[in-house]
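This report concerns only the one structure given below.
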Amino acid sequence: MSQQQWTTVDEYFSALLAPEDEVLDAALRDSAAAGLPEINVTPNEGKLLHLLAQIQGARRILEIGTLGGYSTIWLGRALPADGRLVSLEAEPANAEVARGNLARAGLAGIAEVRVGPARDSLSQLVADGAEPFDLVFIDADKSNNPHYLEAALQLTRPGSVIVGDNVVRGGEIADSESTKPTIQGLRRFLELTAEHPRLSATAVQTVGRKGYDGFSLARVVA
Ligand code: SAH
Ligand code: DHB
Ligand code: MG
């Protein structure tokens, strides 16, 4: 099994099941033109997030880590016209690109990008007594994932879903000796998820054009 095979099958699935339209293409074009790193979810992963949100019947979505808003568009398109999406982004320049991409997608009235360290924005949402979110997508600086999980638990309700991106990282996740803050943060996040009495969770390994990685999926049960 090789990266080339994973990419070929990913491209087959994407073309068949998650074809990109002009709006998604343009979002990636503008992201690249602005010098953003190409670490957005793939089309097929975007479609998975979109379907999860719809299966969940989500009306309110929280995203941690916006980049250029590519995943935000897939998620935002799963919402009803009166739905709400809040996406948190530390870099003002990224947020600016994302806002342009969301406006082009016709999602400016539904999706809002809040600029600043996500930990601060999450504290603010809690302090404001924000209505619970039905789905949370965690995809920012992975070292802070334990904190994001705690915040997500304060901002959800029984039945909400918490999705974590990049929990495999080419298999490094299984290295208990890793000194990388990213891996340590992801491992702590998964341990907290596993032991939390309010959560029921699993994790899925994925391969595709972005290599070998995966998602965690948790349901808030109480
Ligand atoms: N979800 C996006 C990809 C996000 S990449 C997609 O799939 O299209 C991760 C993003 O998290 C980057 O834009 C980065 O600037 C942002 N980020 C990193 N640390 C952060 C922090 N502490 N608070 C908020 N955003 C952060
Ligand atoms: C990286 C971050 C991501 O969110 C991702 O999906 C892939 C790669 C990274 O920082 O390398
Ligand atoms: Mg990611």
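First listed ligand is number 1; within each ligand, the first listed atom is number 1.
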Verify the distance criterion only: is there a donor paired with an acceptor across the side chains of Arg119 and Asn144 at less than 3.5 Å? yes

Under a plain distance cut-off of 3.5 Å, with no hydrogens placed, do Glu11 and Thr7 share a side-chain donor-acceptor pair? no

At under 4.0 Å between heavy atoms, what of Thr66 touches ligand 1? The answer is backbone

As a test of reading the model: which residues have a non-hydrogen atom less than 4.0 Å away from ligand 2? Ile39, Asp139, Lys142, Asp165, Asn166, Arg169, Lys210

Test item: side-chain donor near acceptor, Gln124 and Asp128, under 3.5 Å: yes

Atom CD of Glu38 with >12 non-hydrogen neighbours under 6.0 angstrom: no

Heavy-atom contacts with Tyr148 under 4.0 Å: which atoms of ligand 1 show up? List them by number with element. 21 (C), 22 (N), 23 (N)

Go through the side-chain N and O atoms of Tyr148 and Asp141 and say whether any donor and acceptor fall under 3.5 Å apart. yes

Ligand-side contact atoms (ligand 1) for residue partner Pro117, heavy atom cut-off under 4.0 Å: 23 (N)

Please list, in number order, the atoms of ligand 1 under 4.0 Å from a heavy atom of Gly116. 23 (N), 24 (C)

Would you name the N/O/S atom of Asp165 that lies closest to the Mg ion (ligand 3)? OD2

Report yes if some N/O of Phe137 lies less than 3.5 Å from some N/O of ligand 1; otherwise report no. no

Can you list the ligand 1 atoms lying under 4.0 Å from a non-hydrogen atom of Glu91? 15 (O)

Would you mind running through ligand 1 and noting each atom that sits below 4.0 Å from a heavy atom of Ile39? 5 (S)

Between Lys180 and Glu172 (salt bridge meaning N to carboxylate O under 4.0 Å), is one present in this structure? yes

Polar atom proximity, Glu89 to ligand 1 (N or O, under 3.5 Å): yes

Arg157 and Asp134 ion-paired at < 4.0 Å: yes

Leu85 vs Leu107, test: side chain to side chain contact (heavy atoms under 4.5 Å, CB included). Steps then yes/no. CA-CA 9 Å; Leu85 191 159; Leu107 292 168; over 6 Å; no

If the cut-off is 2.8 Å, does any N/O/S atom of Asn40 fall short of it from the Mg ion (ligand 3)? no

N/O/S atom name from Asp139 that is nearest to the position of the Mg ion (ligand 3): OD1

Atoms of ligand 1 close to Ala90 [distance to a heavy atom under 4.0 angstrom, numbered from 1]: 20 (C), 21 (C), 23 (N), 24 (C), 25 (N), 26 (C)

For Asn94, take its heavy atoms, then give the atoms of ligand 1 lying under 4.0 Å from any of them. 13 (O), 15 (O)

Taking Gly159's backbone N and O only, do any of them form a donor-acceptor pair with Gln56's side chain (distance below 3.5 Å, no angle check)? yes

When distances are taken from atom 6 (C) of ligand 1, the protein heavy atom at minimum range is Ser71 OG, 3.0 Å

Please determine, by modelled atom types, if Gln184 and Ser178 share a side-chain donor-acceptor pair under 3.5 angstrom. no

Are there more than 12 heavy atoms of other residues, nucleotides or ligands under 6.0 Å from atom CD of Glu195? yes

Looking at Glu112 and Arg114, does any basic side-chain N land under 4.0 Å from a carboxylate oxygen? yes

